Amino acid sequence: GVQVEVLVQEIENLDLVPEPVDFGVVYEDEDILVVDKPAGLVVHPAPGHWTGTLVHGLLYRDPKIGLINRVLRPGIVHRLDSTTSGLMVVARTSEALDKLVLSFKSRAVGKKYLALVWGSFRSPEGKIEEPIGRDPVHRLRMAVVPDGRDSLTEYRVLVRYREGFSLVECDLKTGRTHQIRVHLRHIGHPLVGDALYAPRKTSPLPNERVFLHSWQLTIPHPRDGRRLSFRVPLPADLTEILRNLHPEGAR
């Protein structure tokens, strides 16, 4: 007595020409690639960015990734904003893709970011548990809204600077679009360089660069479940900013 309706959607044709694209490789085996994405690199093709993306570079490096699923995002399990640098994991097989997707959905993946924000925190650590959805006024932005998706960010203040900045480590417990940027702006500490969420702040960074770096990624390996943890330090453009700041309490 059970009725099931199935709608088979048309497959999104993969019509991508592999290109050499600059990105770092932190780890690789037959199932996955862990890459260090530079700031400015768009992850997958989209309007305005049909060439020169991370996907184009992945296909150039490993054409087999294009056989996983005939879509514009082969092997991509999660993404980073173009303005953000740091660690991403990419699937190299269909089996690895399915397992990684489940790991992200079950929150078995650990993701930690380093961010420089405006202002000084009252507490050395805390959590922001606010729902995130599309901004009803500014449609290019996300915002904390009552009917948004559950979102949780934990943070820890690493350094406070006399110039009015704080360096914080953010532990992402969910993976909503622009989550760190939205949550920290919501509590009055927008990210340095974030022209979308803090347009009136004068940034020491070049345009299209936000001080946000995915520095630590922990995943269960899709083949055998063993925990793998990876770290990459801040890139040179961000460390240079910190060199010119003065920590509170330092002489």
Side-chain angles (χ1 to χ4, degrees), residues 21-23 36-55 78-88 111-121 128 130-145 148-149 151 153 155 157-172 174-215 232-246:
V21 174
D22 185 31
F23 60 88
D36 182 7
K37 186 191 84 68
L41 179 61
V42 175
V43 170
H44 56 73
H49 299 282
W50 294 118
T51 61
T53 69
L54 176 63
V55 163
H78 65 126
R79 71 180 188 88
L80 297 177
D81 296 334
S82 63
T83 56
T84 302
S85 57
L87 291 167
M88 284 182 58
K111 295 170 288 181
K112 292 186 178 182
Y113 293 72
L114 296 174
L116 188 69
V117 305
W118 294 91
S120 182
F121 288 77
I128 310 164
E130 298 288 351
I132 292 177
R134 184 67 59 183
D135 190 316
V137 177
H138 194 312
R139 303 302 293 175
L140 293 178
R141 295 196 310 207
M142 309 299 286
V144 170
V145 292
R149 302 176 69 186
S151 308
T153 305
Y155 66 86
V157 179
L158 302 178
V159 188
R160 293 182 177 90
Y161 295 98
R162 295 203 297 265
E163 289 81 359
F165 303 115
S166 297
L167 181 67
V168 298
E169 180 187 69
C170 296
D171 191 347
L172 225 57
T174 53
R176 311 304 178 207
T177 300
H178 297 176
Q179 179 173 319
I180 293 175
R181 300 164 70 182
V182 171
H183 270 171
L184 290 177
R185 176 180 183 266
H186 179 70
I187 63 171
H189 297 287
L191 270 64
V192 171
D194 198 340
L196 184 61
Y197 291 97
R200 297 179 183 178
K201 298 283 191 181
T202 302
S203 172
L205 288 162
N207 290 336
E208 302 301 323
R209 179 50 160 142
V210 175
F211 199 118
L212 185 61
H213 178 68
S214 172
W215 88 280
V232 288
L234 286 171
D237 61 336
L238 300 187
T239 55
E240 184 62 27
I241 295 295
L242 297 184
R243 284 194 190 99
N244 295 317
L245 300 179
H246 303 86

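Side-chain atoms are counted along with the backbone in the values below, which use heavy atoms only and exclude waters and symmetry mates. Note that the coordinates shown come from a computational prediction; the quantities given were computed from them, not determined experimentally.
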Whether the side chain of Arg209 engages the backbone of Thr83 through a donor-acceptor N/O pair (distance < 3.5 Å, no angle test) should be reported. yes
Between Val117 and Val192, is any pair of side-chain heavy atoms under 4.5 Å apart? no
Non-hydrogen side-chain atoms of Tyr113 and Leu80 separated by less than 4.5 Å: yes
Any side-chain heavy atom of Val182 within less than 4.5 Å of one from Thr177? no
Nearest 0.5 Å, please: how far is CD1 in Ile132 from OG1 in Thr153? 6.0 Å
Donor-acceptor contact present, side-chain Lys201 to main-chain Asp194, <3.5 Å: no
Does the side chain of Val168 reach to within under 4.5 Å of the side chain of Cys170, using non-hydrogen atoms? yes
Value for NZ (Lys112) from CD (Glu169), rounded to nearest 0.5 Å, stands at 4.5 Å
Spell out, as yes or no, whether a donor-acceptor pair under 3.5 Å connects the side chain of Glu130 to the backbone of Ser151. no
Before accepting this row, confirm whether a basic side-chain N of the pair Asp81/Arg181 lies closer than 4.0 Å to the acidic partner's carboxylate O. yes
How far apart are the closest heavy atoms of Val42 and Ser82, and which atoms are they? CG2-CB, 3.9 Å
Do you know the tightest heavy-atom contact between His213 and Val232? NE2-O, 3.2 Å
In Å and rounded to the nearest 0.5 Å, what is the OG1 to CG distance from Thr84 to Leu41? 11.5 Å
For residues Thr53 and His44, is any side-chain donor paired with an opposing acceptor at under 3.5 Å? no
Strictly under 6.0 Å, is that where the ring centroids of Phe121 and Tyr155 end up? yes
So do the side chains of Leu191 and Phe211 get within less than 4.5 Å of each other, counting heavy atoms only? no
Around Asp22, counting heavy atoms of other residues, nucleotides and ligands shown, do more than 12 lie under 6.0 Å from its CG? no
Student check: side-chain heavy atoms of Leu54 and Arg79 closer than 4.5 Å: no
How far does CD1 of Ile180 sit from CG of Leu172, to the nearest 0.5 angstrom? 4.5 Å
Are Leu196 and His178 packed together at the side-chain level, in the sense that at least one heavy-atom pair is separated by less than 4.5 angstrom? yes
Quick one: closest heavy-atom pair of Pro204 and Ile241, and the distance? O-CD1, 3.7 Å
Where do His189 and Ser120 come nearest, in terms of heavy atoms and distance? CE1-O, 3.6 Å
For Asn244 and Glu163, the nearest pair of non-hydrogen atoms, with its separation, is O-OE2, 3.9 Å
Given 3.5 Å as the limit, does a donor-acceptor pair link the side chain of Ser166 with the main chain of Gly119, or not? yes
Check Arg149, Met142, His183 against Arg176 for a side-chain contact (heavy atoms from CB on, under 4.5 Å) and give me the one that passes. Arg149
Taking all non-hydrogen atoms of both residues into account, name the closest pair between Ala198 and Pro190 and its distance. CB-CB, 3.7 Å
Which value, rounded to the nearest 0.5 Å, describes the distance between Arg134 atom CZ and Leu140 atom CG? 7.5 Å
CG-CG distance between Leu238 and Leu167, expressed to the nearest 0.5 angstrom: 10.0 Å
Using side-chain heavy atoms (C-beta onward) and a distance below 4.5 Å, is Leu116 in contact with Tyr161? yes
Side-chain donor or acceptor of Ser214 paired with backbone N/O of Leu87 under 3.5 Å: yes
